[in-house]
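In what follows, a single structure is set out as structure tokens and then discussed.
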Amino acid sequence: MKLLITGGAGFIGSNFIRYLLKKYKNYKIFNLDKLTYCGNLDNLIDVEKNPRYKFFKGDIADKKIVEKLVKNVDVIINFAAESHVDRSILEPDSFIKTDIFGTFTLLEAAKKFKIKKFIQISTDEVYGSRKIGYFKETDPLNPSSPYSASKAGADLLTLAYFKTYNLPVLITRSTNNYGPYQYPEKIIPLFITNLLEGKKVPLYGRGLNKRDWLYVLDNCRAIDLILHKGKIGEIYNIASGYELTNLELTKIILKELNKDESWIEFVKDRPGHDFRYALDCSKIKKLGWRPIYQFKKAIKETIDWYKKNQWWWKKLKSGKFLEYYKRQYEKKE
Ligand code: NAD
Ligand code: TDX
């Protein structure tokens with residue numbers, strides 16, 4: 001099988017490429033990535049010389065490079081996105097361009113070259129927030145931020161290409177991932193690396209918002225199953241079922257790094273902050289998937305990874321990153 005993975009230099013995409021190359025010895029992978037601030041070829045240093053893997057620098061919204069690659073593959077898995085909610089609040093433009101127009105460009109090429117499968121990697125955030133209960137795949141979309149609205153737009157376009165053109169599409173919607181190679185702007189790597197640098201951790205509001213935490217390799221296993229056994233035209237929710245308030249999560253990280261609660265800085269809340277995401281995963285469970293990574297063990301291993309791989313994140317937490325955080329805090333005054 002020949003696959004085009006987009007956004008493969010990001011967090012989940014790079015973990016997925018490594019997972020696929022190891023598991024399937026006859027699969028060939030093209031990785032198309034624009035290398036935005038969070039796209040990082042260091043994430044794939046160990047596979048870059050693999051003869052079954054090839055990297056292409058480019059934009060999923062650029063029809064020319066997209067068509068050149070799509071005509072030579074069987075499957076497209078679209079991980080490429082602007083993915084950080086806070087950035088989407090400050091600068092939504094690139095979210096619309098990549099998450100909506102980029103997905104449209106890929107769908108058009110997939111239609112033109114009669115691709116066998118198109119998998120859109122979406123998110124739990126498209127359903128919006130709920131205090132109790134769990135979203136099913138059939139629930140209406142109710143996104144809150146420019147990020148989740150742009151992902152919802154991409155989902156609707158993807159489904160329209162199935163209904164109108166019979167394009168063989170599938171969609172995955174997962175909860176919050178954590179693990180190695182996650183850009184240190186998302187809560188878990190930001191908090192671990194801040195503490196390792198001797199800085200406080202900025203908790204929004206009172207830290208009572210809840211998230212379901214999915215280890216990235218459990219997500220890779222789920223996407224693999226959907227690639228091989230998923231039903232065309234269907235959406236699949238993916239979650240661990242392990243929910244924590246942000247304050248509970250922060251206390252776990254603090255404890256692992258031998259720090260007390262004085263390292264927490266309660267800061268102004270994120271505008272439009274979703275209280276809780278939670279998914280009903282009975283559909284993917286019927287296909288045969290279950291999460292196998294225990295949070296308590298996987299978070300320890302994740303913290304260890306950031307401790308041991310300071311070369312990886314230290315260079316990311318300088319330059320543009322610092323400028324961005326300065327603006328975040330100006331906004332919070
Ligand atoms: P990430 O931000 O770490 O990586 C995104 C990658 O896409 C980067 O390598 C970036 O360079 C690339 N990219 C951005 N714009 C591009 C463009 N126009 N053309 C080509 N490449 C481009 O994101 P992630 O956390 O790995 O998320 C991957 C996907 O999974 C996204 O679609 C995201 O919406 C979805 N998702 C993420 C999570 C999570 O918790 N991280 C949860 C659910 C869904
Ligand atoms: O500094 C912080 N302080 C804080 O309290 C940051 C960065 C976050 N938070 C809170 C906000 C959220 O309630 O932690 C929670 C998690 O925040 P993020 O790591 O920014 O993730 P979230 O907003 O939940 O979105 C993530 O999950 C779904 C990913 O970024 C998305 O790409 C994915 O679709």
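Just so it is clear, the structure is predicted and the values come from calculations on it, not from any experiment. Ligands are counted one by one from 1 in listed order, and the atoms in each one are counted from 1 as well.
The ligand atoms of ligand 1 that sit less than 4.0 angstrom from a heavy atom of Gly58 are 19 (N), 20 (C). Applying the 4.0 Å criterion to heavy atoms of Leu35 picks out, from ligand 1, the atoms 11 (O). Listed by number with element, the atoms of ligand 1 under 4.0 Å from a non-hydrogen atom of Thr175 are 42 (C), 43 (C). Interface atoms of ligand 1 facing Ser122, defined by a heavy-atom separation under 4.0 Å, are 43 (C), 44 (C). Remark: ligand 1 atoms within the under-4.0 Å shell around heavy atoms of Lys151 are 31 (C), 32 (O), 33 (C), 34 (O).
From the protein, the heavy atom lying nearest to atom 5 (C) of ligand 1 is Ala81 O, 3.5 Å. Summary of contacts: the protein heavy atom closest to atom 2 (O) of ligand 1 is Ser83 OG, 2.7 Å. What sits closest to atom 15 (N) of ligand 1 on the protein, heavy atoms only, is Thr98 CG2, 3.4 Å. Of the protein's heavy atoms, Gly10 CA, 3.4 Å lies nearest to atom 4 (O) of ligand 1.
A cation-pi arrangement is not found for Arg276 relative to Tyr127, the charged atom failing to lie both closer than 6.0 Å to the ring centre and inside a 45° cone about the ring normal. A cation-pi contact, defined as under 6.0 Å to the ring centre and within 45° of the axis, is absent between Arg87 and Tyr147.
Lys186 and Asn177 form no side-chain donor-acceptor contact under 3.5 Å, judged by distance and modelled atom types alone. A donor-acceptor pair shorter than 3.5 Å can be found between the side chains of Asp224 and Tyr24.
Taking the six-membered ring where tryptophan is involved, the planes of Phe295 and Tyr242 are essentially parallel, since the angle between them stays under 30° and well short of 60°.
Residues passing the side-chain hydrogen bond (donor to acceptor under 3.5 Å, both in side chains) test with Asn15: none are found, sequence neighbours excluded.
Under 4.0 Å from ligand 1, the heavy atoms of Tyr147 that appear belong solely to its side chain. Looking at Lys97 against ligand 1, nothing comes within 4.0 Å, counting heavy atoms. Using a 4.0 Å cut-off between heavy atoms, Ile187 contacts ligand 2 through both its backbone and its side chain.
Close N/O approach between Asn177 and ligand 1 is found [any backbone or side-chain N/O within under 3.5 Å]. In terms of N/O distances under 3.5 Å, ligand 1 is not approached by Asn78. Backbone and side-chain nitrogen or oxygen atoms of Ala80 are examined, and none is located within less than 3.5 angstrom of a nitrogen or oxygen of ligand 1. Ligand 1 has no N or O atom lying under 3.5 Å from any N or O atom of Asn176, backbone or side chain.
Contact annotation: the side chain of Ile115 never approaches that of Leu4 to less than 4.5 Å [non-hydrogen atoms, C-beta and beyond]. Taking the side chain as every heavy atom from C-beta outward, Leu106 and Phe101 never approach each other to under 4.5 Å.
Remark: among candidates Asn246, Asn176, Leu214, the nearest residue to atom 21 (O) of ligand 2 is Asn176, based on non-hydrogen atoms.
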Apply the test salt bridge (Lys or Arg N to Asp or Glu O under 4.0 Å) to residues Arg270 and Asp86: give CA-CA distance (whole Å), side-chain angles for both, the deciding distance (0.1 Å), then the verdict.
-> CA-CA 7 Å; Arg270 171 189 279 175; Asp86 293 318; 2.7 Å; yes
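Heavy-atom distances between Lys151 and ligand 2 stay at or above 4.0 Å for every pair. At least one heavy atom of Glu185 sits under 4.0 Å from some atom of ligand 2.
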